[in-house]
Amino acid sequence: MSTLSPQSYKGTRDYYPEDKRIQNFIFNNWKRVSMRFGYEEYGAPLLEPLDVYAAKSGQELANEQTYSFTDRGGRTVAIRPEMTPSISRMVAARRQEMAYPARLFSIANFMRYERPQRGREREFWQLNVDIFGAEGALPESEIIAMGAEFLKVFGATDDMYVIRINNRKVINYMMAQYLGLDAIQAQLMIKLFDRKNKISNEEFRDQAIDIFGESMASSGLAKISALLSAKSMAELPGEIRESSAVKEVQELFTLLERAGVKNAMFDITLMRGLDYYTGTVFEFFDLHPDNNRSLFGGGRYDGLVGLFGAEQISAVGMAPGLTMTELFLQTHNLLPKLSSTTEVYIVVLGEDTLKGAMAVAANLRNEGVNTELDITGRKLDKQLKTAIKKDIPYIIFIGEDELKSEVYSFKDTVSSEEQKLSFERIISTVKDRRHAHVDDFDDLFE
RNA sequence: GCGAAUAUAGCUCAGUUGGUUAGAGCGCCGGGUUGUGGUUCCGGAGGUCGUGGGUUCAAUUCCCAUUAUUCGCCCCA
């Protein structure tokens with residue numbers, strides 16, 4: 001008989017208080033920036049009919065990577081592997097009465113049946129920001145500028161990452177008109193471009209030849225090399241440069257420059273896997289050598305709302321993930337030391353002081369101070385160590401003297417400084433600290 | 001789904017050329033002295049060596065399977 005394992009299910013994580021602190025720190029900053037840009041929070045069900053994903057998310061994601069099952073009523077449902085279809089469904093359901101452009105965000109968990117590895121878990125958390133019913137390049141530049149803000153709010157600077165931008169229309173034009181590929185060839189070529197940075201030039205060339213076939217290979221390769229050697233949009237082959245698709249991209253770059261986003265670059269090899277993108281696609285890419293990978297991305301997906309029987313509503317969205325953000329912050333040393341949400345730990349000294357200490361604790365709580373009272377009766381150093389282990393920023397020592405004088409020994413556990421303070425001064429000191437650590441706290445937003 | 005590496009105490013790891021009671025550091029718990037910890041003294045608990053099977057007089061050690069973790073591929077962000 002095997003005993004129960006204390007391990008969490010493969011690919012999932014337990015969030016102990018010290019982990020949850022980091023999670024909340026990131027979530028709170030996401031929330032703050034989203035709200036600052038005028039986005040409102042929404043929620044969606046954990047389960048959706050499997051069909052919602054089968055339609056557009058991509059074959060692999062829907063068929064291989066969902067956690068799906070048949071419910072007691074015989075319906076095939078899936079734990080959401082992403083948010084975009086759900087929010088599209090919600091917008092479709094209220095398409096008439098919504099106020100457009102609709103700016104929406106959510107922070108939620110998702111599951112995908114994948115092989116876990118660095119930066120990739122089976123259960124993961126994502127912020128989703130989407131704007132519905134806004135045409136042209138403006139909503140795209142707004143979303144990308146928000147993406148930059150999501151990194152900047154944690155202290156990231158422009159040299160830490162780059163924003164790669166492409167456009168599905170450019171890709172389609174390139175594949176069909178420029179390279180003259182049919183649909184099947186185009187699909188293979190898109191995958192090949194996607195892997196370009198992972199394979200050698202020789203492998204890339206050999207696989208490209210396979211896709212083109214004998215007759216087209218030499219002219220096809222020449223065209224690809226003309227594409228890849230272009231360092232900027234201006235250097236693209238004239239045929240592509242003059243296409244309306246590239247003009248859209250140019251417009252976006254003009255807007256981004258105006259918004260102060262400096263580290264964006266056009267990358268014709270950027271593809272992105274999800275089938276529902278119809279225009280701009282982009283990725284925020286970490287430049288640190290230890291973490292050289294995509295942080296998050298998004299794009300325009302104009303067709304998705306229309307799938308739910310409504311008229312088409314344009315949409316642009318982006319989804320930063322918790323795991324990658326955490327790795328980014330760790331790699332760049334941007335994670336601050338986070339303390340407990342409990343602000344004051346009361347150390348009780350002496351035999352008959354607990355009753356008085358309880359009264360002080362109650363008064364602190366009435367003033368809105370998060371207070372833990374030591375009820376163990378243990379020796380002073382044990383109580384003290386407990387408070388420090390919990391990363392509680394302040395300790396109040398309460399003995400007979402303090403109860404009599406109503407002046408308390410008040411210790412800052414980070415600086416080790418200790419002073420005698422009145423109840424009122426304690427309250428104001430704790431609250432001053434709280435305002436200096438706005439990011440750590442949920443309650444300011446609820 | 002494919003390939004590789006790893007699995008010994010809470011953590012980081014030693015060790016056993018197959019042999020009786022399996023080790024260290026840190027951590028944890030208790031006690032002494034202190035109205036003050038992260039840098040005191042003394043003591044203690046905790047491991048059927050990932051799990052199952054095989055070979056052997058004998059397996060933590062060798063073999064097979066399995067599970068988990070890590071890295072990579074596929075995929076994706």
Side-chain angles (χ1 to χ4, degrees), chain A residues 1-13 16 53 57-66 81-84 110-122 124-128 147 164 190-192 194-195 198-199 203 270-275 277 281-286 290-299 317-325 327-328 337 345-351 353 374 376 378-392 394-403 408-420:
Chain A
M1 254 335 258
S2 66
T3 56
L4 290 171
S5 166
Q7 253 184 349
S8 68
Y9 169 70
K10 186 183 176 77
T12 65
R13 265 186 73 182
Y16 290 90
Y53 306 106
S57 296
Q59 290 295 315
E60 175 102 13
L61 182 55
N63 297 338
E64 316 287 342
Q65 297 188 348
T66 52
E82 56 166 339
M83 190 55 105
T84 310
F110 304 90
M111 296 199 78
R112 290 185 190 177
Y113 195 84
E114 288 189 283
R115 189 79 154 220
Q117 51 189 281
R118 181 179 163 88
R120 176 87 13 111
E121 291 161 310
R122 285 185 170 183
F124 57 98
W125 296 77
Q126 278 189 349
L127 164 70
N128 278 259
R164 298 158 61 193
I190 285 172
K191 300 262 185 239
L192 182 60
D194 220 8
R195 273 183 295 142
K198 288 185 174 179
I199 62 181
E203 281 175 278
L270 176 67
M271 297 290 146
R272 286 182 71 82
L274 297 174
D275 292 343
Y277 290 116
V281 289
F282 59 88
E283 268 181 7
F284 283 66
F285 200 87
D286 193 347
D290 294 349
N291 202 41
N292 211 294
R293 60 204 297 163
S294 170
L295 292 165
F296 56 88
M318 171 174 71
L322 175 70
T323 315
M324 286 311 305
T325 302
L327 277 175
F328 177 83
K337 174 132 179 57
Y345 192 91
I346 297 181
V347 169
V348 182
L349 305 164
E351 296 282 304
T353 41
D374 194 302
T376 62
R378 289 176 304 177
K379 295 202 173 76
L380 188 155
D381 62 328
K382 304 286 182 198
Q383 296 189 41
L384 183 60
K385 278 182 184 172
T386 302
I388 284 154
K389 200 168 182 180
K390 292 185 180 198
D391 295 315
I392 295 172
Y394 296 117
I395 294 173
I396 299 177
F397 296 93
I398 294 187
E400 281 174 34
D401 298 348
E402 282 81 0
L403 288 176
Y408 306 93
S409 296
F410 181 79
K411 186 183 182 94
D412 181 322
T413 58
V414 178
S415 69
S416 297
E417 281 166 23
E418 190 169 332
Q419 45 188 329
K420 302 272 185 187

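Each chain gets a letter, A, B and so on, in the order its sequence line appears, and its residues count up from 1. Quick caveat: nothing in here was measured; it's all calculated off a predicted structure.
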Length of the line joining A:Met111:CE and B:A77:P, which is rounded to integer Å: 18 Å
Closest to the A:Lys389 side chain, choosing from B:A77, B:C75, B:C28: B:C28
B:A4 and B:A9, which share atom name P, separated by this distance in whole Å: 26 Å
Inter-nucleotide C1' distance (B:G31, B:A65), Å rounded: 50 Å
Gap separating the CE atom of A:Met324 from the CG atom of A:Asp286, nearest 0.5 angstrom: 6.5 Å
Test item: A:Thr413 side-chain N/O and A:Ile392 main-chain N/O as donor-acceptor pair under 3.5 Å: yes
Interatomic distance, A:Gln117 CD vs B:G1 P [rounded to whole Å]: 14 Å
Rounded P spacing from B:G23 to B:U17 in Å: 15 Å
Test item: A:Arg164 side-chain N/O and A:Phe282 main-chain N/O as donor-acceptor pair under 3.5 Å: no
Atom pair distance, as rounded to whole Å: CZ in A:Arg378 and C1' in B:G32: 18 Å
Nearest-0.5 Å distance, CZ of residue A:Phe285 to CG of residue A:Leu295: 8.5 Å
Earlier contact from the 5' end, RNA chain B, for A:Phe296 and A:Gly11: A:Gly11
Residue that, paired with A:Pro81, satisfies side chain to side chain contact (heavy atoms under 4.5 Å, CB included) out of A:Arg112, A:Gln65, A:Glu114: A:Arg112
Considering all heavy atoms, the nearest A:Lys411-A:Ser416 contact: NZ-O, 3.8 Å
Contact check, side chains of A:Ser8 and A:Arg13, non-hydrogen atoms, under 4.5 Å: no
C1' atoms of B:A58 and B:C41, separation to the nearest Å: 45 Å
With sequence neighbours excluded, residues passing side-chain contact (heavy atoms from CB on, under 4.5 Å) with A:Leu349: A:Val347, A:Leu380, A:Phe397
Distance between P atoms of B:G50 and B:G10 (Å, rounded): 13 Å
Atom pair distance, as rounded to whole Å: CZ in A:Arg195 and P in B:C73: 11 Å
Dot-bracket line, read 5' to 3' along RNA chain B, where crossing pairs take [ ] and | marks a partner on another strand, Watson-Crick or G-U under 3.5 Å: (((((((..((((.....[...)))).(((((.......))))).....(((((..]....))))))))))))....
Whole-Å distance separating the CZ atom of A:Phe124 from the P atom of B:C76: 13 Å
Separation between the P atoms of B:G27 and B:U16, rounded to whole Å: 28 Å
Shortest non-hydrogen contact from A:Ala319 toward A:Asn128: CB-OD1, 3.7 Å
Salt-bridge criterion met for A:Lys382 and A:Asp374 (N-O under 4.0 Å): no
Whole-Å distance separating the CE atom of A:Met83 from the P atom of B:C76: 21 Å
A:Arg378 versus A:Thr386, side-chain donor and acceptor atoms under 3.5 Å: yes
Touch class at under 4.0 angstrom, heavy-atom based, for A:Arg120 against every strand present: base
For atom CZ of A:Arg112 and atom P of B:G1, their distance in whole Å: 18 Å
B:C13 to B:C71 separation - P atoms, rounded to the nearest Å: 15 Å
A:Lys382 NZ to B:G32 C1', straight-line distance once rounded to whole Å: 11 Å
Most 5' of A:Gly321 and A:Tyr113 on RNA chain B, judged by nearest nucleotide: A:Tyr113
Donor-acceptor pair present, A:Arg115 side chain and B:C73 base, under 3.5 Å: no
Separation of the C1' atoms in B:A22 and B:A5, to the nearest angstrom: 25 Å
Under 3.5 Å between N/O atoms: give me all the protein pairs with nucleotides 34-39 of chain B, atom names plus distance.
residue, atom, partner, partner atom, Å
B:U34, O4, A:Asp381, OD1, 3.3
B:G35, O6, A:Glu402, OE1, 3.3
B:G35, N1, A:Glu402, OE1, 3.1
B:G35, N1, A:Glu402, OE2, 3.0
B:G35, N2, A:Glu402, OE2, 3.1
B:U36, O2, A:Lys411, NZ, 2.9
B:U36, O2, A:Glu418, OE1, 3.0
B:U36, N3, A:Glu418, OE1, 2.7
B:U36, N3, A:Glu418, OE2, 2.9
B:U36, O4, A:Glu418, OE2, 2.6
B:G37, O6, A:Ser416, OG, 2.4
B:G37, N1, A:Thr413, O, 3.3
B:G38, O6, A:Ser416, OG, 2.7
B:G38, N1, A:Ser416, OG, 3.2

